[in-house]
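Side chains included, hydrogens not; waters and symmetry mates left out as well; all remaining heavy atoms used. We name chains A, B, ... by the order of the sequence lines, and we start the count at 1 in each one.
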2 protein chains.
Amino acid sequence: MHSRGMANGIQERIKKLIIDRRLPSGDPLPTETELMELLGVSRNSVREALKALQAMGIVEIRHGFGTYVGPMSMAPMIEGLTFRTVAGHYRGEDSLLELLELREAVETGLIARLAGRVPASDLAELESLVARMEDEAGTGAVHADTDRAFHATLYRGLDNTLLSEVLEAFWDAFHRVRTDLVAPGADPKVICRQHREILEAVRSGDAARAEDAVREHFGDIRGRLRRSA
Amino acid sequence: MHSRGMANGIQERIKKLIIDRRLPSGDPLPTETELMELLGVSRNSVREALKALQAMGIVEIRHGFGTYVGPMSMAPMIEGLTFRTVAGHYRGEDSLLELLELREAVETGLIARLAGRVPASDLAELESLVARMEDEAGTGAVHADTDRAFHATLYRGLDNTLLSEVLEAFWDAFHRVRTDLVAPGADPKVICRQHREILEAVRSGDAARAEDAVREHFGDIRGRLRRSA
DNA sequence: AGAGTCAGCTGCTCTAACCAACTGAGCTAG
DNA sequence: CTAGCTCAGTTGGTTAGAGCAGCTGACTCT
């Protein structure tokens, strides 16, 4: 399967080193010089391997300080998804729409499992987020952060940090591409109404209603996306 | 946000080059020497940037042949997820279980949308896959490929290639870790029965039944996972 | 005691040379 | 004439050594 080429093998050996030593995120790795002697390869090869691992989020490099085990976040996935979507968009594909539909499919599928099961504390937080949203809608446009926080808080109730990270990654990639490529142009009041409806539906425990609410929310974004294309 | 350091900047400039020239997957990139002159940096820096881009799947490097625009697949995500899960496992976390629950949450959410909407051609393919599964169950264990193909064919009906790739990526990551770390030990006959039930439920168009079938399938895997831990 | 400085670590970049994989043109043998 | 081989040229892979740049912590001077 792997070990084609030396650099690739070096990556594997550094990964193995992290596994074998049970290093948690943030722990220091050997210096470049040490890895060089440890693996018996040149400094350059070590650096190329580390660069690749850094791109995958496995390793974190701090200039003048050292190399550390990375946060293992979904950041690299966001990076890759974003580029893939932007590149596709400029080649005339509906890649942004496809990304949105991915989010829609996953989130409408998950919301039913969530109806009536969101902890009271999260409901309160969602309430205050919608309130802030309405506040922002009065003065201008809704901040992207508020929308992000709403979705993140909503799916936190599923109690799976990996799932939450993946959903947030999808959100990030979508919004990064969206703000870069197409005009925003959303009616803030409509946005608020839709988010409030999602919140109320989830609070009431009506799964079907919640699904409809999420579907309408995404349908609205989808419509605006299609119109601007 | 970015452009801290030169290497990072080089990556961005190569990405920009792909975007600006509208290069599709498989198209050749300038050679290392050309990039060197084009970007005004040393060969070493070019190579480190390319290595990072390769790790993100944006670029594909073929020794002695050239550098090309990558397939933009989810392969890097699989790599990252796999490592994250393995590392977590060895540090005593339930990372594999979390990955399985991610799949379960997403797939049970999607299956309802799929009930009664799978094209006849896909149903036929699923039928033959289950048949092969039953065949394999008679002689020994069910091949992993068959299971993978079943899930891939099933969600193909959602008609979103990005979504399909993400689901396959989750499958790949899970199975790579699973086969590396824990004993397989699944009853082939039970596996077959569960897959057939999913197929029949989807064919009948009964969304609730389909959801139950998928949930039971994952519940079974989850149970075995818990027992072996 | 506090602020400034400097030595030493670290990673970053460059240059120059050679190794290894692949392609394709040209040669050779059948 | 063609099938196969060889070899030169191109491209990426690896090594070596030198100097640059960011950060830390101890040391010094006020």
- Task: Mind grabbing the angle between the end helix axes of the helix from C/dA1-D/dT30 to C/dG30-D/dC1? Five pairs an end, 10° rounding.
- Result: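 Both end axes considered, the difference amounts to 10°.
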
- Kindly indicate whether the side chain of B/Met56, heavy atoms from C-beta on, has any atom under 4.5 Å from the side chain of B/Gln11.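 SC-SC contact between B/Met56 and B/Gln11 confirmed.
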
Over how many whole Å does the gap from [X] atom [atom1] to [N] atom [atom2] extend?
| X | N | atom1 | atom2 | result |
| --- | --- | --- | --- | --- |
| B/Tyr68 | C/dT23 | OH | P | 9 Å |
| A/Glu48 | C/dC14 | CD | P | 14 Å |
| B/Glu34 | D/dT10 | CD | C1' | 11 Å |
| A/Leu50 | C/dC12 | CG | C1' | 13 Å |
| A/Ile61 | C/dC12 | CD1 | C1' | 10 Å |
| B/Leu53 | D/dG12 | CG | P | 14 Å |
| B/Glu32 | C/dT13 | CD | C1' | 16 Å |
| B/Met36 | D/dG13 | CE | C1' | 15 Å |

- For A/Gly66 and for A/Asn44, find the nucleotide of DNA chain C with the closest heavy atom, then tell me which residue's nucleotide is more 5'.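 Nearer the 5' end of the strand: A/Gly66.
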
Are the charged groups of [X] and [Y] less than 4.0 angstrom apart, N to O?
| X | Y | answer |
| --- | --- | --- |
| A/Lys51 | A/Glu48 | no |
| B/Asp172 | B/Arg176 | no |
| B/Arg113 | A/Glu104 | no |

- Taking every non-hydrogen atom, the tightest pair across B/Arg84 and A/Met72: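 Minimum heavy-atom contact is NH1-O, 2.6 Å.
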
- Message: Looking at every heavy atom in both B/Ala52 and A/Ala55, which two are closest together, and how far apart are they?
- Response: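 Heavy-atom minimum between the residues: O-CB, 3.5 Å.
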
- What about the rings of B/His217 and B/His151, do their centers lie closer together than 6.0 Å?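 Yes, they do, as the ring centres are separated by less than 6.0 Å.
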
With distance as the sole criterion, is a donor-acceptor pair present between the side chains of [X] and [Y] under 3.5 Å?
| X | Y | answer |
| --- | --- | --- |
| A/Thr161 | B/Glu98 | yes |
| B/Thr146 | B/Glu136 | yes |
| A/His195 | A/Asp147 | yes |

- Query: At what distance, to the nearest 0.5 angstrom, does CG of A/Leu129 lie from CZ of A/Arg148?
  - Reply: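 Rounded to the nearest 0.5 Å, the CG-CZ separation comes to 12.5 Å.
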
- Positions of residues 19-30 of chain B (non-hydrogen atom under 4.0 Å from DNA chain C), listed by number: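 Going residue by residue through residues 19-30 of chain B, none turns out to have a heavy atom under 4.0 Å of DNA chain C.
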
- Message: If you only use heavy atoms from C-beta on, which nucleotide in D/dT14, C/dC12, C/dT15 is closest to the side chain of A/Arg43?
- Response: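 For A/Arg43, the side-chain atoms sit closest to C/dC12.
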
- If you check the B/Arg47 side chain, which of C/dG11, D/dT15, D/dG13 turns out closest?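 Given the options C/dG11, D/dT15, D/dG13, the side chain of B/Arg47 is closest to D/dG13.
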
- Query: Under 4.0 Å between a side-chain N/O of B/Ser45 and OP1 or OP2 of C/dC14, yes or no?
  - Reply: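 Affirmative; the distance criterion is met.
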
- Message: At less than 4.0 Å, is any side-chain N or O atom of B/Thr67 found next to OP1 or OP2 of D/dG12? Yes or no.
- Response: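 Answer yes for this pair, as a side-chain N or O of B/Thr67 is under 4.0 Å from OP1 or OP2.
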
- Message: With a 3.5 Å cut-off and heavy atoms only, can you find an N or O donor on one side and an acceptor on the other between the side chain of B/Arg62 and the base of D/dG13?
- Response: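 Counting by modelled atom types and ignoring angles, no donor-acceptor contact under 3.5 Å is found here.
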
- Message: Working note: B/Tyr155 + B/Glu107, criterion side-chain hydrogen bond (donor to acceptor under 3.5 Å, both in side chains); need CA distance, chi angles, decisive distance, verdict.
- Response: CA-CA 9 Å; B/Tyr155 296 102; B/Glu107 294 201 18; 3.0 Å; yes

Anything under 3.5 Å between a protein N or O and an N or O of nucleotides 23-26 of chain D, put it in a table, one pair a line.
none

